[in-house]
Amino acid sequence: MRAAEMAGVRLGVRPVPADGLPLVGCSAATPGLYTVVTHSGVTLAPALGLLAAKELISGASVPDLADYSPDRTPATDVLDESVQVMSSAGAITAA
């Protein structure tokens, strides 16, 4: 182990939309694909799962999810510190 050298570092990055808000629903660009992407998966999973199931089973849009459509224009007035930190972190390199 003393002779071992670091080959590189991998950093797992969570998928987070630019505005930090969840993406939930279908996109016109990918018909038939239902997406649920959120940085707050642990805390929002029960609610998002219930609402997503309602949309998938009924085939009708759930009004509570309208602001989180993958086809929305990302909000520019949302301040998400975790997105800012991840955007400015840059690459991690071996010393």
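All values reported here derive from a predicted model rather than from experimental measurement.
- The distance from the CG atom of D64 to the NZ atom of K54 is 8.0 Å, given to the nearest 0.5 Å.
- Although no hydrogens or angles enter the test, the distance criterion places a donor-acceptor pair under 3.5 Å between the side chain of S27 and the main chain of A29.
- Residues L48 and Y68 fail the side-chain proximity criterion, which asks for heavy atoms closer than 4.5 Å.
- Here the straight-line distance linking atom CG of L23 with atom OG1 of T38 works out to 8.5 Å at 0.5 Å rounding.
- In the hydrophobic cluster analysis, where Ile, Leu, Val, Met, Phe, Trp and Tyr join through side-chain heavy atoms closer than 4.5 angstrom, L56 is grouped together with L51.
- Here the closest non-hydrogen pair linking P22 and L44 is CG-CD1, 4.1 Å.
- Under a 3.5 Å cut-off, the side chain of E55 and the backbone N or O of S61 do not form any donor-acceptor pair.
- Of all heavy-atom pairs between C26 and Y34, the closest is SG-CD1, 3.8 Å.
- For the pair V24 and S69, the minimum side-chain heavy-atom distance is 4.5 Å or more.
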